[in-house]
J.: 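First the structure, which I've put down as structure tokens, then a few questions once you've had a look.
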Amino acid sequence: MGKVPSQKDLFEVSGPTYLTYMNWNCPHHQRSAMASHVQGVYVLERDRQWNRQSPDARAPAWWKFFHFELRQVLVDAADSSIFGAVYAFQPPYHLIDPAAAASAPHYVVAFRGTVTKKASASRDLELDLLLVRSGIEHTSRFRIAMQTIHDVVVAAGHGRVWLAGHSLGSAISTLAGKTMARAGVVLTTFLFNAPFLSVPVERIPHKKVKQGIRIAKSFVTAGVATVLHKGGGSSDEAFAALARWVPNVLVNPADPISAEYVGYFDHRKKMEDIGAGAVGRLATRHSVKDLLLGIGKPGGCEPLHLFPSAVLTVNRGPSPDFKSAHGIHQWWRPDLALECRAYSYA
């Protein structure tokens, strides 16, 4: 007997159907809608793999519930898989709360993460490895994503375009958001379970041990940066130039892929508290791995996972396994135990 498609693809089974109306000024509503749009991309790809055509296609409910329509699908030329989508807001004629709808994005560009099914797993895992080793900025998938975002922004204006991604899709959104920010275009961005490419210190249960490791790591990173003449000047200015871009970074401390963001942002304040703010600021914008990879390269090699500013949302609720801690479904649940804090780079 063949494998049965997951019921999680059905919006009426696992989607945020409890939202009786959409308030685009509410962070919980925003988060739920953006996670659902990302889920829509996952289900688009699974619809393709299962050959589910309308009216059997399961993907449309994930965006139609929020009054969006699908304008474009992004296809990876390497394996014909769907990895992204462009959605356009189509508000209903009779709005319950016009003020709540006025803050809605006109367009959402969303990117899925890794799909482990055979038809797309090979390409997705190849990109996962590239992300760890050397980055994805030179891949065809990112070039397609970047061109699409550019075209949508030109057509709609940057204040009306939002980005969203999960896991590998968060890496694409991160790189795109940074690229656009450097060009002076700041996009509202939601990064769900974004990969933090570093040793997962946050997983260590002892708080003082974690702090000690991070402090030592900061001094080592700052020392390497100084030796390699990455200590200031244009490097500092390039990092600070991104400070106006404040992505929403959503992580789960039980997720080894994204958990380190919790400690990364908290560590900045700790370094200020012990009088090592200058060292902390230098270490904040570098990683030893990327400093060494950047030797001999014009402009060096910038770590993808480091942000000047962000709104960090941490899901402190129970996550019994990796799938629940890393999955996109957690982000629209109504009973989340969330901690939220804004960080800015000075």
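These values consider heavy atoms only, across backbone and side chains, with no hydrogens, waters or symmetry-generated copies. Bear in mind that the values here come from a model prediction, so they are computed numbers and not experimental data. When a residue number appears, it is its place in the shown sequence, counting from 1.
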J.: Considering only heavy atoms from C-beta outward, does the side chain of Glu339 approach that of Val262 to under 4.5 Å?
T.: no

J.: Determine whether a donor-acceptor pair (N or O, by modelled atom type, separation under 3.5 Å) exists between the side chain of His29 and the backbone of Asn23.
T.: yes

J.: Could you measure the distance from the OH atom of Tyr21 to the SG atom of Cys26? Nearest 0.5 Å is fine.
T.: 8.0 Å

J.: State plainly whether one hydrophobic cluster holds both Val43 and Val75, where clusters connect Ile, Leu, Val, Met, Phe, Trp and Tyr through side-chain heavy atoms under 4.5 angstrom apart.
T.: yes

J.: Between Asn315 and Leu338, is there a donor-acceptor pair closer than 3.5 Å when you use the side chain of the first and the backbone of the second?
T.: no

J.: Quick one: do Leu336 and Arg31 satisfy side chain to side chain contact (heavy atoms under 4.5 Å, CB included)? Show the steps, please.
T.: CA-CA 12 Å; Leu336 291 176; Arg31 183 187 69 251; 3.8 Å; yes

J.: CG/Leu168 to CZ/Phe83 distance, rounded to the nearest 0.5 angstrom?
T.: 10.0 Å

J.: Taking all non-hydrogen atoms of both residues into account, name the closest pair between Ala243 and Pro308 and its distance.
T.: CA-CB, 3.9 Å

J.: Between Glu69 (side chain only) and Ala88 (backbone N and O only), is there a donor and an acceptor less than 3.5 Å apart?
T.: no

J.: Is there a side-chain contact between Gln39 and His166 in this structure, where contact means two heavy atoms from C-beta onward sitting under 4.5 Å apart?
T.: no

J.: Could you check whether any side-chain N or O of Trp245 sits under 3.5 Å from a backbone N or O of Leu187, counting only pairs where one atom can act as donor and the other as acceptor?
T.: yes

J.: Kindly compute the distance separating CZ (Arg244) from OG (Ser344), expressed to the nearest 0.5 Å.
T.: 14.5 Å

J.: Quick one: closest heavy-atom pair of Trp24 and Ala101, and the distance?
T.: CD1-CA, 4.1 Å

J.: Please lay out, stage by stage, how Ile136 and Arg141 fare under the test side chain to side chain contact (heavy atoms under 4.5 Å, CB included).
T.: CA-CA 8 Å; Ile136 57 173; Arg141 186 174 291 193; over 6 Å; no

J.: Looking only at side chains, do Trp331 and Asn193 share a donor and an acceptor under 3.5 Å apart?
T.: yes

J.: Please tell me if the side chains of Ser81 and Arg48 come closer than 4.5 Å, counting only heavy atoms from C-beta onward.
T.: yes

J.: Say you draw a straight line from CG of Asp76 to CD of Glu45; how long is it, rounded to the nearest 0.5 Å?
T.: 9.5 Å

J.: If you count every heavy atom of other residues, nucleotides or ligands that lies below 6.0 Å from His150 atom NE2, does the total exceed 12?
T.: no

J.: Can you find a pair of side-chain heavy atoms, one from Gln49 and one from Val115, that are under 4.5 Å apart?
T.: yes

J.: Provide the closest heavy-atom pair for Phe89 versus His67 in the form atom of the first, atom of the second, distance.
T.: CD1-O, 3.4 Å

J.: Apply side chain to side chain contact (heavy atoms under 4.5 Å, CB included) to Val13 and Lys8, showing your working.
T.: CA-CA 7 Å; Val13 173; Lys8 285 190 173 183; over 6 Å; no

J.: Keeping His326 on the side-chain end and Ser258 on the backbone end, is there a donor-acceptor pair under 3.5 Å?
T.: no

J.: Do the non-hydrogen side-chain atoms of Thr174 and Pro247 ever get within less than 4.5 Å of each other?
T.: no

J.: Checking ring pair (Phe, Tyr, Trp, His ring centres under 6.0 Å) between His37 and each of Phe11, Tyr87, Phe65, which is the one that passes?
T.: Tyr87

J.: Please find the pair of heavy atoms, one from Ala59 and one from Asp47, that lie closest to each other, and give the distance.
T.: N-OD2, 3.0 Å

J.: Checking Asp321 against Ser324: is there a side-chain donor and acceptor pair closer than 3.5 Å?
T.: yes

J.: Any side-chain heavy atom of Ser36 within less than 4.5 Å of one from Phe68?
T.: no

J.: Taking Glu137 for its side chain and Phe142 for its backbone only, find out whether a donor-acceptor pair lies under 3.5 Å.
T.: no

J.: Side-chain heavy atoms nearer than 4.5 Å, only ILVMFWY residues, links allowed to pass through others: does that put Val152 and Leu175 together?
T.: yes

J.: Minimum heavy-atom separation for Val314 and Pro253, please, with both atom names.
T.: CG1-CD, 3.5 Å

J.: Parallel, tilted or perpendicular: which one describes the rings of Phe190 and Phe192, with boundaries at 30° and 60°?
T.: parallel

J.: Check whether any side-chain N or O of Asp9 sits under 3.5 Å from a backbone N or O of Arg58 as a donor-acceptor pair, and report yes or no.
T.: no

J.: If we ignore hydrogens and angles and just use 3.5 Å, is the side chain of Tyr42 paired with the main-chain N or O of Gly113 as donor and acceptor?
T.: yes

J.: Can you hop from Phe196 to Tyr343 via hydrophobic side chains spaced under 4.5 Å?
T.: yes

J.: Atom CD1 in Ile149, atom CD1 in Ile144: separation rounded to 0.5 Å?
T.: 12.0 Å

J.: Any heavy-atom pair between the side chains of Trp332 and Leu19 that's under 4.5 Å?
T.: no

J.: Out of curiosity, does Leu74 fall in the hydrophobic cluster containing Val161 (side-chain heavy atoms, cut-off under 4.5 Å, transitive links)?
T.: yes

J.: Give a yes or no answer on whether the side chain of Arg112 reaches the backbone of Ile82 with a donor-acceptor pair at less than 3.5 Å.
T.: yes

J.: So which atom in Val38 and which in Gly165 form the shortest heavy-atom distance, rounded to 0.1 Å?
T.: CG2-N, 3.9 Å

J.: Any heavy-atom pair between the side chains of Leu44 and Leu70 that's under 4.5 Å?
T.: yes

J.: Does Ile257 form a side chain to side chain contact (heavy atoms under 4.5 Å, CB included) with Phe322? I'd like the steps, not just the answer.
T.: CA-CA 10 Å; Ile257 292 176; Phe322 171 76; 3.7 Å; yes

J.: Donor-acceptor check, side chain of Thr188 to backbone of Trp162, threshold 3.5 angstrom: yes or no?
T.: no

J.: Pick one: which of Leu250, Val251, Asn252 meets side chain to side chain contact (heavy atoms under 4.5 Å, CB included) with Thr313?
T.: Leu250

J.: Quick one: CD1 on Ile172 to CG on Leu191, what's the gap to the nearest 0.5 Å?
T.: 11.5 Å

J.: Can you say whether the rings of Trp62 and His329 are parallel (under 30°), tilted (30 to 60°) or perpendicular (over 60°)?
T.: perpendicular

